[in-house]
There are 2 protein chains.
Amino acid sequence: MGRPARVQMREVANRAGVSISSVSRVLNDHPDVSPLMRERVLSAKELMGYEPDLLARSLRQGITGTVGFLVRDITNPVFAEIVKGAAEGLRPAGYSILLADSEGRDEVEAAHLQLFLRRRVDGLIVSLQSEVDPDTVAALHSADCPLVLVDREVAGLETSAVLCDHAPAVAAATRDIIECGHRRVAFIAGPTTIRVTRERLRGFRQAHEETGAVLDPELVRLGSYTAEFGRRETGRLLQLPDPPTAIVAAGTQVALGLLRQLAAMGRRVGSDVSVVSYDELDLMPMMDPPINVVECDYRGLGRLAASLLVEAVVHGQPPRTVVIPTHYRPRGSVLPLPR
Amino acid sequence: MGRPARVQMREVANRAGVSISSVSRVLNDHPDVSPLMRERVLSAKELMGYEPDLLARSLRQGITGTVGFLVRDITNPVFAEIVKGAAEGLRPAGYSILLADSEGRDEVEAAHLQLFLRRRVDGLIVSLQSEVDPDTVAALHSADCPLVLVDREVAGLETSAVLCDHAPAVAAATRDIIECGHRRVAFIAGPTTIRVTRERLRGFRQAHEETGAVLDPELVRLGSYTAEFGRRETGRLLQLPDPPTAIVAAGTQVALGLLRQLAAMGRRVGSDVSVVSYDELDLMPMMDPPINVVECDYRGLGRLAASLLVEAVVHGQPPRTVVIPTHYRPRGSVLPLPR
DNA sequence: CTGTTAGCGCGTTCAG
DNA sequence: CTGAACGCGCTAACAG
């Protein structure tokens, strides 16, 4: 079957015996069109299977109907959920999503943002892997469209943001551990160059202060949100002369690495070492014992980001920051220390 | 800080004291440009921070540098992996990804495809939720760009495809179960309107034929690839007068639902009912007992889809179909039946 | 209410 | 090797 040659507006106009602009008016629901005209144009359109070229329309109107979405790693279920939520929010508003994955590299992240801007996206939803990379920050500053940061903050950038309230939830988790009698609690997370880490760490510290427990700096391991980092640091922590009896793993991948390392060392969650993981992996509740988690509604977070963006793009609303609650869900992986 | 007004090509031309077309030639690496001209233009460009508008370029050149990517559900780790792989393959080639999620609705799927075409994507990578929806099929037929189907096939459509070799892997899994002494093996999967289901079912049947085992049609449950379907059918199967002693759950979400239902019923994997799941969820190997799975390299599949698309778009290569191997990984969730 | 005209920002013919 | 003019397909401003 031959390529169904792309039919253009002028052909429809000729076929209907009217001018091009009349076709345009009908298709854009301009008020000043006679019923007869509307009829003629629409039937010609249907007959020829005409669909307006959005590229040309975008160039003319200066709006593309696209939103750039940047995530650190689309295979991380947290980001997949956020994207899903945003997609649910953006589709009814008529926006398409340009998706970019940072691939763990700052230069890729910056390049994607620059590319988005050159494609003239109407808005950006961004969950950076680095809040401090110069090129990335420069790109964000040069953005001439609304921007929503997801669980991130960039110094000196006035923008909308949707944030998770990590600190209280991590504090609750840590308090639970300490109240079970643990005195050496470790913390594994990513770099402090992103807000999530700083907030989580803040909650972890706060719980120690409130309970009067001593926080050994050696037990805090900050590096990257990867399974490999989680695995490695778990191994190192447990080989310490005075090892921790409980570990808080901040981040899905870090938690995964932790569990792998425990399995490799033949240690059991709960009995050998108590564990609090971050983010609800679907299988966490079905493990034995079920893993305690800190989590929030990431899909809702994505929907929220979408609605903030839409209200900024469409209604010109000023930047706004929304914080959503985050929860600690004890399930059994934290056990009392034998006295 | 004020909007950094978008700088255009003509301004760069004025600044450099040359014509617009000279600027264009320099930026597009046209051979016939003097070193002096190149120098003048490039320095003016840097000075003013000019970046070409890709929208206008696309309209002029007829190519957008975008690829439409449609998936059934981006929160499904399988699709997230495929998207990641494709992103890795498409970025170096200079393509951006327009991502669409079908949201479980045929009309959404068709609408997304139509939208992609109107945005004049250079290519499509598509993993349909329905291979038979009329609007969807019509949209694919009307596509005037290269198309790569991912683990799908659409009747009458000459196109590239990347496929998983499901049947042998499911057959191996099923044989393993039967050889362990199980005589009533159930199968839960999605609709037969997509290739994966048909292939998986074929493998399941084949194992029965080869071993001479009897396949009770009542034990085959085909519906949808959702956790809810997996949960419900697991419950119904186990309440049968003569329930299965083993279940093959095809699909990540179905398997998840199955595990939830077993947990809810207080049944243990292995001892109460043997299980083979589909697709490697990261935690499957760490459950007790570790779940047997059928899986393949989905990220590689995505990369493959990207390379097929690129070779079609850039080099005009004809449609090609590639099948990648799929594996059965026994781990301990299938146990012998007591004689 | 409708047709004509002028661009949106670029790339690409053509002369020179 | 460079500049001027045209057009990608469409919408918006203006006449009629």
Side-chain angles (χ1 to χ4, degrees), chain A residues 4-42 44-45 48-66 94 115 117-122 144-145, chain B residues 4-42 44-45 48-66 94 115 117-122 144-145:
Chain A
R6 198 179 287 282
V7 42
Q8 304 181 194
M9 202 158 169
R10 48 190 304 169
E11 306 175 40
V12 176
N14 291 343
R15 186 77 175 68
V18 300
S19 80
I20 294 189
S21 50
S22 293
V23 177
S24 173
R25 270 188 292 259
V26 169
L27 299 183
N28 292 318
D29 290 316
H30 191 96
D32 302 339
V33 286
S34 68
L36 177 63
M37 173 68 82
R38 155 164 271 103
E39 169 59 28
R40 290 177 66 83
V41 169
L42 288 182
K45 176 195 128 117
M48 312 180 69
Y50 168 73
E51 292 293 336
D53 183 324
L54 293 182
L55 209 57
R57 173 197 294 231
S58 296
L59 180 60
R60 182 60 234 242
Q61 295 193 329
I63 57 178
T64 56
T66 58
L115 192 55
L117 297 178
R118 293 179 42 177
R119 289 195 187 283
R120 307 197 59 155
V121 294
D122 294 342
D144 55 350
C145 62
Chain B
R6 196 179 289 281
V7 39
Q8 304 181 194
M9 201 157 165
R10 48 189 303 168
E11 308 174 40
V12 176
N14 291 343
R15 187 77 174 68
V18 300
S19 80
I20 296 188
S21 48
S22 294
V23 177
S24 173
R25 270 188 291 259
V26 169
L27 299 183
N28 293 318
D29 290 317
H30 191 96
D32 302 340
V33 287
S34 67
L36 176 64
M37 172 69 82
R38 154 164 273 101
E39 170 57 29
R40 289 177 68 83
V41 168
L42 288 182
K45 176 196 130 114
M48 313 179 68
Y50 169 73
E51 292 293 337
D53 183 325
L54 293 182
L55 209 56
R57 173 196 295 231
S58 297
L59 181 59
R60 183 59 239 246
Q61 296 194 331
I63 57 179
T64 57
T66 58
L115 192 55
L117 297 177
R118 292 179 42 174
R119 289 196 188 282
R120 306 196 58 154
V121 295
D122 294 342
D144 54 349
C145 61

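Proteins come first, then strands; the chains are lettered A, B, ... in the order of their sequence lines, and each starts at number 1. Since we're looking at a predicted model, the values are computed, not measured.
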Distance check: side-chain N/O of Q8(B) vs OP1/OP2 of dG9(C), anything under 4.0 Å? yes
Quick check for you: to the nearest 0.5 Å, what is the distance between L59(B) atom CG and R60(A) atom CZ? 12.5 Å
Is the shortest side-chain heavy-atom distance between D144(A) and R6(B) below 4.5 Å? yes
Would you mind reading off the distance between R10(B) atom CZ and dG3(D) atom P, rounded to a whole angstrom? 15 Å
To the nearest Å, give me how far apart CG (D32(A)) and P (dA13(D)) are. 13 Å
Quick check for you: among dT2(C), dG3(C), dT11(D), whose closest atom lies nearest to any side-chain atom of R57(A)? dT11(D)
Looking at every strand, decide which applies to S34(B) at a 4.0 Å heavy-atom threshold: base, sugar-phosphate, or nothing. sugar-phosphate
What is the nucleic acid contact for D53(B), judged by heavy atoms within less than 4.0 Å: base, sugar-phosphate only, or nothing? sugar-phosphate
Is there a donor-acceptor pair under 3.5 Å between the side chain of R25(A) and the backbone N or O of H30(A)? no
Distance below 4.0 Å between S22(A) side-chain N/O and dG3(C) OP1 or OP2: yes
Between P of dC10(D) and CD of E51(A), the distance in whole Å: 11 Å
To the nearest Å, give me how far apart CG (L27(A)) and C1' (dC10(D)) are. 11 Å
When we call it a touch if two heavy atoms are under 4.0 Å apart, what does S21(B) touch: a base, just sugar-phosphate, or nothing? base
Quick one: which of R57(B), K45(B), R38(B) gives a side chain to side chain contact (heavy atoms under 4.5 Å, CB included) with L27(B)? K45(B)
Checking contacts here: which listed nucleotide (dC10(C), dG3(C), dC1(D)) is nearest the side-chain heavy atoms of S19(A)? dG3(C)
Measure from CZ on R60(A) to C1' on dG7(D) and round the result to the nearest Å. 15 Å
Looking at R118(B), I want to see if its CZ is surrounded by more than 12 non-hydrogen atoms of other residues, nucleotides or ligands under 6.0 Å. yes
Dot-bracket notation for DNA chain D, counting Watson-Crick and G-U pairs under 3.5 Å, with | for partners on another strand: ||||||||||||.|||
Please report the interatomic distance CG(D32(A)) to CE(M37(A)), rounded to the nearest 0.5 Å. 11.5 Å
Closest-nucleotide mapping onto DNA chain C: is R120(A) or H30(A) further toward the 5' terminus? I mean the 5' end. H30(A)
Using whole Å, what does the distance between atom P of nucleotide dC10(D) and atom CG of L55(A) come to? 10 Å
Separation of K45(A) atom NZ from dC10(D) atom P, in whole Å? 11 Å
Could you please name the option among dG9(C), dG7(C), dG3(C) that lies closest to any side-chain atom of L59(B)? dG9(C)
Protein-nucleotide distance (E39(B), atom CD; dT2(D), atom P), rounded to Å: 13 Å
What's I20(A) touching, base or sugar-phosphate or nothing? Going by heavy atoms closer than 4.0 Å. base
Using a 4.0 Å heavy-atom cut-off across all strands, classify R25(B) as base, sugar-phosphate, or nothing. base
Hey, is R120(B) close enough to D53(A) for a salt bridge, meaning N to O under 4.0 Å? yes
Nucleotide nearest V33(A) (side chain, heavy atoms from C-beta), chosen from dC10(D), dC8(D), dT2(C): dT2(C)
Side chain of S24(B): nearest nucleotide among dG11(C), dT2(C), dG9(C)? dG11(C)
Would you check if the side chain of R40(B) reaches a backbone N or O of A16(B) as a donor-acceptor pair within less than 3.5 Å? yes
Is there a side-chain polar atom (N or O) of Y50(A) under 4.0 Å from OP1 or OP2 of dC10(D)? yes
On the nucleotide dC8(D), are OP1 or OP2 found under 4.0 Å from the side-chain N or O atoms that Q61(B) carries? no
